Asker: 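Next up is a structure, given as structure tokens.
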There are 2 protein chains.
Amino acid sequence: MASPTTHPGVGRPVVTSRAEIERVAFHLFIENGFVSTTLDDIASAAGIGRRTLLRYYRSKNDIPWGQFDDTLDGFRESLRSYADRPVQEAVHRAVIDFNRFPAAAMAEHRVRMRLILTTPELQAHSVLRYADWRRVIAEYVAERTGTDPEALLPQTASQVALALSMTGYGEWLADEHADLPAVLERALLTMRSYLAD
Amino acid sequence: MASPTTHPGVGRPVVTSRAEIERVAFHLFIENGFVSTTLDDIASAAGIGRRTLLRYYRSKNDIPWGQFDDTLDGFRESLRSYADRPVQEAVHRAVIDFNRFPAAAMAEHRVRMRLILTTPELQAHSVLRYADWRRVIAEYVAERTGTDPEALLPQTASQVALALSMTGYGEWLADEHADLPAVLERALLTMRSYLAD
DNA sequence: TTCCATTTTGACCCTCAGTGCCATTATTGT
DNA sequence: ACAATAATGGCACTGAGGGTCAAAATGGAA
């Protein structure tokens, strides 16, 4: 495989990195659009073979997501750290923490999320990426409520978290100066008042 | 184009119908799985050319959705019929009505939705199909609250409706004897209690 | 220094989805 | 019979993705 080297140092060294590929790919995506950019374009711009590119990323759609799965462990830990809070609050806080980024990384995050949430192909694909993220939430809620992750409450919790993230990001992307945690908070309040009608 | 004939009767008549294509396609999907069934398989089984098949459906992923867009007008009307109810209740009732099917059609609907919601490719694609459905809700809520469909409340309403549908269908598919309207009602109650924690 | 085990690379070939183009075909109306 | 019309389907092309495998580049052992 690409990243997780079993025997470090042994064997032919890698010729590139995910970071480098993403740098090149985002440049092309922004320049020519996601759909118009072919895997060949990215591979040759990165100076690697197309086949190698597809070993670093399972599909073209996965490139904009970068190292998303690697953040899920931290998300799990974050959830556990709120064990003393009510379940809904714990999930909400963890989701907000999940969306905290250093100021220096915000501009890049905006570009990435705008690309993902405005490109139909990537919008569709996002369900599959968010499925893992939702599973983390469902498993946490199931554990805390002594139920199955597939049960109604854990599934509801994970779907609510996704819905809040979607509306939150919509607002965030529409306002260049918006603060992500603040926007997610507003989204929750809005959802509460909508359902309490 | 395929279905909407501008000058009825004039020109070469159609050789098939969406209903016929779907009948054949579902048979193959169930027999061999969605991914393993190629467009060529479907086209030849339906006795039409692959090119013709792709005129009836924009993509392979759209085939399982059948005439979904055609139901959106009825959905819009259904929403309007609840103008005397509070917004959230109106949306909820319309969503439940949207998911009412004659008993004879239930078995087919189960097969269709199980295929869509358990096939990763179709799960992903569903976002794009549900986007139109969500837009109907957002526009309705925007109209009733005097806001823009892109504003936070309309978007929240539409995302909540989607989340409820997703959890509802999950429960419904897991229980062969479940009633869709009843399950959607339970999903709403669960979401309310989760958020009121 | 040389060989060897190990690991990544990328070339080649294949399948399948989807699009553009366009001649062919089967209708209705004149 | 002859337009006008509209669906059909064949052909060629692009692009995503997967399988296979020989070549390349390392570290370590002899």
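Residue numbering restarts at 1 for every chain, and letters A, B, ... go by the order of the sequence lines. Keep in mind that this is a model prediction, so the values were computed, not measured.
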Asker: How many Å lie between CZ on Phe34(A) and C1' on dA16(D), as a whole number?
Answerer: 11 Å

Asker: With a non-hydrogen cut-off below 4.0 angstrom, is Thr37(A) in contact with a base, only sugar-phosphate, or nothing?
Answerer: sugar-phosphate

Asker: Tell me if a side-chain donor or acceptor on Tyr57(A) pairs with a main-chain N or O of Arg18(A) at a distance below 3.5 Å.
Answerer: yes

Asker: Of all the choices, dT24(C), dT19(C), dT7(C), which nucleotide is nearest to the side chain of Leu54(B) once you look at every atom?
Answerer: dT19(C)

Asker: For dT8(C) and Tyr56(A) - does any side-chain N or O of the residue sit under 4.0 Å from the phosphate oxygens OP1/OP2?
Answerer: no

Asker: Given atom CG of Leu53(A) and atom P of dT8(C), what is their separation to the nearest angstrom?
Answerer: 16 Å

Asker: Reading DNA chain C from 5' onward, which residue's closest nucleotide shows up sooner: Val15(A) or Arg58(B)?
Answerer: Val15(A)

Asker: Lys60(A) has an atom NZ; how far is it from atom C1' of dG15(D), in whole Å?
Answerer: 8 Å

Asker: Phosphate oxygens OP1/OP2 of dG15(D): is one of them under 4.0 Å from a side-chain N or O of Thr38(A)?
Answerer: no

Asker: For the side chain of Arg50(B) and the base of dG9(D), is some donor closer than 3.5 Å to an acceptor across the two?
Answerer: no

Asker: In terms of side-chain heavy atoms of Pro13(A), which of dT26(D), dG17(D), dA7(D) is nearest?
Answerer: dT26(D)

Asker: Counting heavy atoms from C-beta on, name the nucleotide in dG10(C), dA24(D), dA7(D) closest to the side chain of Arg12(B).
Answerer: dA7(D)

Asker: Rounded to whole Å, please give me the gap between CD1 in Ile48(B) and P in dT25(C).
Answerer: 18 Å

Asker: Round to a whole Å and report the spacing from CZ of Arg55(A) to C1' of dT7(C).
Answerer: 11 Å

Asker: Choose from dA24(D), dG17(D), dT25(C) the nucleotide whose nearest atom is closest to any side-chain atom of Ser59(A).
Answerer: dG17(D)

Asker: Would you please say whether a donor-acceptor pair under 3.5 Å links the side chains of Glu22(A) and Tyr56(A)?
Answerer: no

Asker: Hey, what do you get for NE2 (His125(B)) to NZ (Lys60(B)), rounding to the nearest 0.5 Å?
Answerer: 12.0 Å

Asker: Can you tell me how far P of dG18(D) sits from CD of Glu121(B), to the nearest Å?
Answerer: 10 Å

Asker: Let's test your reading of the model: under 3.5 Å, does the base of dG20(C) pair with the side chain of Arg51(B) as donor and acceptor?
Answerer: yes

Asker: At less than 4.0 Å, is any side-chain N or O atom of Tyr57(B) found next to OP1 or OP2 of dG18(C)? Yes or no.
Answerer: no

Asker: For Thr38(A), is there any backbone N or O sitting under 3.5 Å from a side-chain donor or acceptor partner on Asp41(A)?
Answerer: yes

Asker: Counting neighbours of CZ on Arg192(A) that are heavy atoms of other residues, nucleotides or ligands and sit closer than 6.0 Å, is the number greater than 12?
Answerer: yes

